[in-house]
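The first residue in the sequence is number 1, and the count goes up from there. One-based numbering, in listed order, for ligands and for the atoms of each.
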Amino acid sequence: METFFTASDIESFRNIPTPFYYYNTGLLKRTLQAVTGEAARYNYHIHYAIKANANHKILKIIQTSGVGADCVSGGEIQAAIRAGFHTDKIVFAGVGKADWEINLGLDNNISCFNVESIPELEVINELATTKGKTARIALRINPEVDAHTHSHITTGMRENKFGINLDQLSAVLDKLQTLHSLKLIGAHFHIGSQITEPGPFILLCQKVSQINHDLEKRGITLDNINFGGGLGIDYETPDRRLIPDFKTYFESFHRHFPVKPGQQIHFEPGRSIVGQCGALISRVLYIKEGSFKKFVILDAGFTELIRPALYGAGHKIENLTSTETEDVYDVVGPICESSDCFGKDVRLPRTHRRDLIAIRSAGAYGEIMASQYNCRKLPQAILSS
Ligand code: LLP
């Protein structure tokens with residue numbers, strides 16, 4: 001089994017003020033090789049979902065691998081351009097695009113707007129007309145596939161706010177005929193995140209094949225089919241699979257989705273590219289022995305990593321500096337809220353003040369979701385050399 005931290009990494013952490021994010025750039029590069037290599041077998045195209053981690057240095061490494069960028073805000077488009085992503089490899093999704101964000105996309109000739117409603121189509125058409133431009137668009141269709149993941153990160157069900165419902169697709173296509181500054185180039189789907197079973201993806205392939213077929217009957221052949229992101233990672237035992245199984249993932253799309261001639265297939269992975277490459281490093285402030293529990297109180301809290309508090313997500317917690325016999329602790333942060341807890345009844349080597357604690361698999365939706373609640377400073381990021 002490969003180790004995520006080297007002994008010299010841990011030695012160097014002793015001199016760095018905590019909390020901070022540590023990124024293993026070697027692992028990131030190998031993950032990028034894996035995802036691009038496996039996608040290339042089938043000529044699939046990758047757009048990294050910037051929302052997972054928009055750290056500038058991380059974006060630069062990702063951009064160098066040749067993938068495109070999936071953005072959900074004007075700020076993300078700006079971050080992508082700053083990191084060197086070519087604008088013809090930038091797609092712009094999101095259920096609520098503001099006028100300035102649409103204008104930014106138009107001014108930069110981004111490759112595609114993923115559109116979620118008729119009012120949005122009308123606004124993009126109007127803004128494109130004003131500029132004398134044609135906007136390339138894909139329709140985000142809600143395929144009504146249950147991703148079997150946490151309810152806060154499932155997106156492909158009829159009741160979710162995302163996408164155009166299947167029963168409204170025909171009306172949307174009729175409307176499109178009247179909007180002359182738009183060019184339909186594709187369909188976009190995303191059913192949810194942290195999906196660890198192949199079932200929902202296979203169902204997605206079946207639904208999209210049907211849609212692809214129905215559209216062809218209407219005389220519409222889509223240049224691009226975009227399956228979104230969603231591939232999950234191993235939070236419980238990260239070292240067992242530091243690089244997600246992209247081979248099986250793409251193979252399953254290849255087996256279950258028949259591509260029409262000339263059609264390009266796109267994916268938007270976020271978590272599976274950056275998730276395992278990052279860890280939140282924190283110091284123990286106190287060991288508090290309550291009447292019922294022992295608490296490890298860290299100097300990191302949900303301000304640095306909100307996933308446990310927001311989704312009840314589990315991240316592996318490791319003591320990097322103790323090898324003593326194990327004890328059982330609740331590992332909590334300093335924020336004045338009971339939900340500021342990284343794990344209950346966690347087995348750790350006996351832990352002391354100033355020990356270094358790593359919270360693993362925090363490369364995705366970690367640093368980028370940090371907040372300044374309690375007037376705390378945003379965490380620094382350290383990249384391995
Ligand atoms: N494409 C679209 C349209 C998306 O909405 C998302 C994620 C992705 C791609 C990337 O999905 P991924 O490959 O990372 O699963 N903050 C939550 C996750 C929210 C995901 C939102 N959309 C978490 O910490 O689990």
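Of all the heavy atoms of Phe162, none lies under 4.0 Å from any atom of ligand 1, so neither backbone nor side chain is involved. Counting heavy atoms under 4.0 Å from ligand 1, residue Asp70 touches it through the side chain alone. For Arg271, heavy-atom contacts with ligand 1 shorter than 4.0 Å involve the backbone as well as the side chain.
Relative orientation of the Tyr22 and Phe5 rings is tilted, given thresholds of 30° and 60° on the angle between their planes.
When each atom of ligand 1 is checked for a heavy atom of Pro269 under 4.0 Å away, the hits are 13 (O). Heavy-atom contacts of Gly230 reach the following atoms of ligand 1: 11 (O), 12 (P), 13 (O), 15 (O) (cutoff under 4.0 Å). Interface atoms of ligand 1 facing His188, defined by a heavy-atom separation under 4.0 Å, are 3 (C). Residue Gly270 approaches ligand 1 through these ligand atoms, each under 4.0 Å from one of its heavy atoms: 12 (P), 13 (O), 14 (O).
For atom 3 (C) of ligand 1, the choice among Met369, Gln194, Glu268, His47 with the nearest heavy atom turns out to be Glu268. By heavy-atom distance, the residue among Cys71, Gly192, Ser193 lying nearest atom 15 (O) of ligand 1 is Ser193.
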Quiz item: Could you go step by step and tell me if Phe201 and Phe227 meet the ring pair (Phe, Tyr, Trp, His ring centres under 6.0 Å) rule?
Solution: CA-CA 9 Å; Phe201 292 124; Phe227 284 109; 9.0 Å; no

Self-check item: salt bridge (charged side-chain N to carboxylate O under 4.0 Å, His left out) evaluation trace for Lys260 with Glu216
Solution: CA-CA 10 Å; Lys260 305 249 179 227; Glu216 206 173 52; 3.2 Å; yes

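Criterion: ILVMFWY side-chain heavy atoms under 4.5 Å apart, direct or through other members. Under it, Phe189 and Ile202 are not part of a common hydrophobic cluster.
With Phe250 as the fixed residue, the ring pair (Phe, Tyr, Trp, His ring centres under 6.0 Å) test singles out one of Tyr42, Phe257, Phe267: Phe267.
Note: an N/O pair closer than 3.5 Å links Arg307 and ligand 1 by distance alone.
In this model, no donor atom of one side chain and acceptor atom of the other lie less than 3.5 Å apart for Asp88 and Ser111.
Between Ala93 and ligand 1 there is no heavy-atom distance shorter than 4.0 Å. Ligand 1 has no atom lying under 4.0 Å from any heavy atom of Ser272.
Taking the six-membered ring for Trp and the full ring otherwise, Tyr329 and Phe295 have centroids separated by 6.0 Å or more.
Separation of atoms OG1 (Thr87) and CG (Asn109) is listed at 6.5 Å; rounding is to 0.5 Å.
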